[in-house]
Amino acid sequence: MEKLLILDFGSQTTQLIGRRIRDLGVYTEIIPGDEVLTDTLLAGVRGIILSGSPESVYTPEAPTPDPRIYTCGLPLLGICYGLQRMTADLGGLVEPLSRREYGGVEVQIGLPGMGEGLTGQAWRFLAGFDRALPLSQLITGRVVPSFTKPLSFTVWMSHGDTLTRLAPGFREYGRSSTGFPAVVIHQDQENKPWFGLQFHPELSHSERGQEILAAFVFGVCACAASWTMEQYLEQLNASLAEQVGPSPVLLLISGGVDSTVVGALLLKALDPEQVHLMYIDTGLMRKDETKTVETALKQLGARHLHIVHGETAFLSALKGVEDPEAKRKTIGDMFIALQEQEVARLGLPDSCFLAQGTLYTDLIESGTGVGNKAHLIKSHHNVGSPLVKAKRNTGRIIEPLDKLYKDEVRRLGRLLSLDEEIVCRHPFPGPGLAVRILGEVTQEKCHILREADALYIAELKKRRSPSGGRLYDEIWQAFGVLLPIRSVGVAGDVRKYGWVLSLRAVVSTDGMSAEVYPFPMKDLLEISTLITNTVKDIGRVTYDVSSKPPATIEWE
């Protein structure tokens with residue numbers, strides 16, 4: 001099977017590159033950036049992409065690829081650090097910037113004489129920048145650009161280094177508004193079909209990002225759009241059956257999209273008698289969550305459903321804990337401790353596998369990925385906990401969604417015939433309300449936030465957007481955050497201090513980046529009034545207008 005290979009140097013968006021290319025119908029395989037490129041590994045590979053990285057190429061710890069990458073004859077595309085890596089390896093110079101290029105930056109494509117000496121591959125790559133060429137034409141792999149004058153558009157950059165001298169044979173075809181190379185191509189395309197971008201086309205913030213990737217995938221690498229999510233599901237089913245064999249599997253299920261999809265996968269790929277679904281009510285759940293989850297899991301056809309009531313244990317463990325990382329690790333340890341108690345009570349053997357709905361975003365943000373170069377952003381209870389790590393090290397953890405993003409999980413859920421209300425449910429963090437209550441978590445605060453959040457979500461499902469659909473369906477994730485402050489207010493004729501609630505609503509496709517949802521002011525005002533009038537302990541409501549990046553979607 002033909003495929004593209006992506007070298008992971010630790011970027012937060014490496015898997016997103018693969019996701020974008022899979023969306024084009026081409027299979028991708030992600031490997032550590034320093035993996036040895038054997039003949040077996042390169043079998044069927046049509047091109048290689050070098051990802052970004054939090055490192056700098058001139059530091060001793062900088063990851064480097066197998067030198068064979070430059071002699072294998074395959075097309076190469078360096079993205080951000082990937083371009084800098086190619087430049088440093090091939091005789092150019094990369095140096096730190098006095099002021100980093102970050103966020104939306106204007107790039108101009110089309111410098112004087114840009115078409116001189118270009119071969120078909122290079123010219124087809126530049127077709128990705130042509131505004132007149134739609135994605136559907138680029139997928140044919142045969143189109144070339146028609147623009148006759150320079151084009152300017154906005155891309156997303158995130159780097160503190162730049163190319164101060166191109167490697168021999170490379171030529172600049174795009175420049176940022178700050179005066180640094182943004183697009184480079186090697187002139188010997190017959191022997192060295194090498195390309196570089198100093199920005200991130202995989203991010204939705206970059207104009208024509210998908211078209212640029214398509215130009216490389218189809219125009220340069222001559223791939224065919226033949227890979228589908230249906231194929232991925234077949235592969236998952238086969239790999240699960242092979243990995244598990246006749247052993248029992250225990251899935252810690254929250255009732256959210258991810259764990260529910262894993263439950264449906266396990267019940268489809270394995271004998272349902274092998275599958276044990278355990279739901280732990282932490283006391284940190286949404287309103288009426290346990291009842292909703294129990295109903296949904298029974299509809300999946302589960303034969304072994306175990307509901308554990310652990311509110312007292314979790315709230316006791318969280319008493320006095322305020323640091324976000326400490327909260328996550330405390331909750332992660334408690335999850336596993338209760339799970340082990342229940343496994344012992346149920347008599348499941350030590351050989352029992354533990355299944356989780358871990359996504360690639362969870363692994364990346366926790367400093368884990370294909371390689372070992374990703375930086376920690378926040379710990380996820382199903383990734384960073386010492387007990388979870390110990391389970392992972394024994395090879396007894398199953399994470400069938402660990403190469404997928406949320407929107408892909410939803411597509412997979414639809415293929416598994418899950419109810420649309422479940423598939424479209426907004427994400428909910430594993431630690432639950434604990435990371436939406438800033439500071440110490442108490443039963444009283446959970447009750448306050450649970451009531452306010454339920455009102456907020458119910459209103460989003462009732463209200464219509466300007467386009468006519470439900471507000472809820474146009475938003476990727478919406479929730480309330482209880483702030484650790486009280487503000488003065490007036491209730492009737494009485495001066496009163498109440499908690500401050502911040503509402504959050506973002507739109508996204510993958511969770512790696514997100515924009516604030518532009519609420520009609522009328523809706524915000526009415527929802528705010530409803531919450532303060534109904535939840536007596538909340539005296540003030542604010543709206544969070546921070547995008548990701550620089551903020552994260554969750555507050556902790």
Side-chain angles (χ1 to χ4, degrees), residues 281-290 310-312 314-328 330-331 378 381 426-463 471-472 475 477-506 514 516-517 519 521-546 548 551-556:
D281 185 343
T282 63
L284 307 169
M285 316 305 289
R286 290 172 282 200
K287 187 175 182 178
D288 296 327
E289 184 81 354
T290 300
E311 178 179 18
T312 301
F314 278 89
L315 291 179
S316 296
L318 288 168
K319 186 177 179 60
V321 180
E322 297 187 3
D323 178 74
E325 279 295 291
K327 283 185 192 178
R328 289 177 175 273
T330 298
I331 291 168
K378 62 184 178 185
H381 79 275
H426 287 186
F428 187 67
L433 300 182
V435 292
R436 294 177 179 176
I437 296 172
L438 306 195
E440 185 180 9
V441 179
T442 66
Q443 188 177 50
E444 178 192 11
K445 290 179 182 177
C446 287
H447 174 73
I448 294 169
L449 180 55
R450 192 159 25 237
E451 293 299 319
D453 188 73
L455 282 172
Y456 181 31
I457 298 303
E459 284 299 303
L460 295 182
K461 290 182 177 180
K462 289 179 186 175
R463 293 170 181 267
L471 275 177
Y472 184 85
I475 295 170
Q477 190 170 1
F479 55 91
V481 179
L482 193 65
L483 304 186
I485 54 175
R486 295 177 188 247
S487 70
V488 68
V490 177
D493 295 324
V494 180
R495 180 182 175 91
K496 181 181 178 181
Y497 279 89
W499 293 103
V500 179
L501 179 78
S502 179
L503 300 180
R504 182 81 158 134
V506 297
V516 176
Y517 182 74
F519 265 116
M521 184 55 69
K522 176 178 180 293
D523 291 301
L524 269 183
L525 293 175
E526 291 176 354
I527 292 172
S528 170
T529 300
L530 177 66
I531 291 173
T532 52
N533 285 348
T534 307
V535 186
K536 63 181 180 63
D537 294 292
I538 292 177
R540 192 178 299 268
V541 174
T542 67
Y543 185 56
D544 180 356
V545 295
S546 304
K548 177 186 180 179
T552 55
I553 295 177
E554 297 285 348
W555 276 48
E556 288 191 343

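Heads up: numbering here begins at 1 and tracks the sequence.
- I485 pairs by the side chain to side chain contact (heavy atoms under 4.5 Å, CB included) definition with L483, V500, not counting sequence neighbours.
- Residues L315 and T442 are not in side-chain contact: their nearest non-hydrogen atoms beyond the backbone lie 4.5 Å or more apart.
- Applying the salt bridge (Lys or Arg N to Asp or Glu O under 4.0 Å) rule to K536 yields no partners; only residues at least two apart in sequence or on another chain are considered.
- By the side chain to side chain contact (heavy atoms under 4.5 Å, CB included) test, S528 pairs with V541, sequence neighbours left out.
- Closest non-hydrogen pair, G283 versus C446, comes out as O-SG, 3.9 Å.
- R540 is linked by a salt bridge (Lys or Arg N to Asp or Glu O under 4.0 Å) to nothing, counting only residues two or more places apart in sequence or in another chain.
- Listed here is the closest heavy atom pair of P427 and Q477: O-NE2, 3.2 Å.
- Side-chain atoms of I531 and L503, non-hydrogen and from C-beta on, do get closer than 4.5 Å to each other.
- Atom OG1 of T529 is separated from atom CG of L524 by 10.5 Å, given to the nearest 0.5 angstrom.
- When the side chain to side chain donor-acceptor pair (under 3.5 Å) test is applied to T542, the partners found at least two apart in sequence or on another chain are S502.
- For the pair G480 and Y456, the tightest heavy-atom approach, listed with the atom from each and the gap, is N-CD2, 4.2 Å.
- Legend: residues meeting ring-ring contact (aromatic ring centres under 6.0 Å, His included) with Y472, ordered by chain and number and at least two apart, are H426.
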The test is side-chain contact (heavy atoms from CB on, under 4.5 Å); show your working for V441 and K445 and say whether it passes. CA-CA 7 Å; V441 179; K445 290 179 182 177; 5.9 Å; no

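- Looking only at side-chain heavy atoms (C-beta outward), W499 and L449 stay at 4.5 Å or farther from each other.
- With rounding to the nearest 0.5 angstrom, the CG atom of L525 is 13.0 Å from the OH atom of Y543.
- Partners of Q443 according to the side chain to side chain donor-acceptor pair (under 3.5 Å) rule, which considers only residues two or more places apart in sequence or in another chain, are E311.
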Please step through side-chain contact (heavy atoms from CB on, under 4.5 Å) for the pair E289 and R450, ending with a clear verdict. CA-CA 10 Å; E289 184 81 354; R450 192 159 25 237; over 6 Å; no

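- Looking at heavy atoms from C-beta onward, F519 lies in side-chain contact with I475 at the 4.5 angstrom threshold.
- For E459, the salt bridge (Lys or Arg N to Asp or Glu O under 4.0 Å) partners are K462, R463, not counting sequence neighbours.
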Please lay out, stage by stage, how L318 and L284 fare under the test side-chain contact (heavy atoms from CB on, under 4.5 Å). CA-CA 11 Å; L318 288 168; L284 307 169; 4.0 Å; yes

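- Under the side chain to side chain contact (heavy atoms under 4.5 Å, CB included) criterion, P324 pairs with E556, sequence neighbours left out.
- Here the side chain of E440 pairs a donor or acceptor atom with the backbone of G320 at under 3.5 angstrom.
- R328 approaches P431 most closely through the heavy-atom pair NH1-CG, 3.7 Å.
- For the pair I553/F479, a side-chain contact is recorded, criterion being any heavy-atom separation below 4.5 Å from C-beta on.
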Given the rule in the side-chain contact (heavy atoms from CB on, under 4.5 Å) test, do D453 and L501 qualify, once you have shown the distances and angles that lead to the verdict? CA-CA 10 Å; D453 188 73; L501 179 78; over 6 Å; no

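- The backbone N or O of G439 lies less than 3.5 Å from a partner atom in the side chain of K327, making a donor-acceptor pair.
- Residues forming a salt bridge (Lys or Arg N to Asp or Glu O under 4.0 Å) with D544 (at least two apart in sequence, or on another chain): R504.
- Scored by the side chain to side chain contact (heavy atoms under 4.5 Å, CB included) test, A454 finds K287 as partners (sequence neighbours excluded).
- Side-chain contact between L433 and F428 is present, with heavy atoms from C-beta onward closer than 4.5 Å.
- Residues that satisfy the side chain to side chain donor-acceptor pair (under 3.5 Å) test with K319, not counting sequence neighbours, are absent from this structure.
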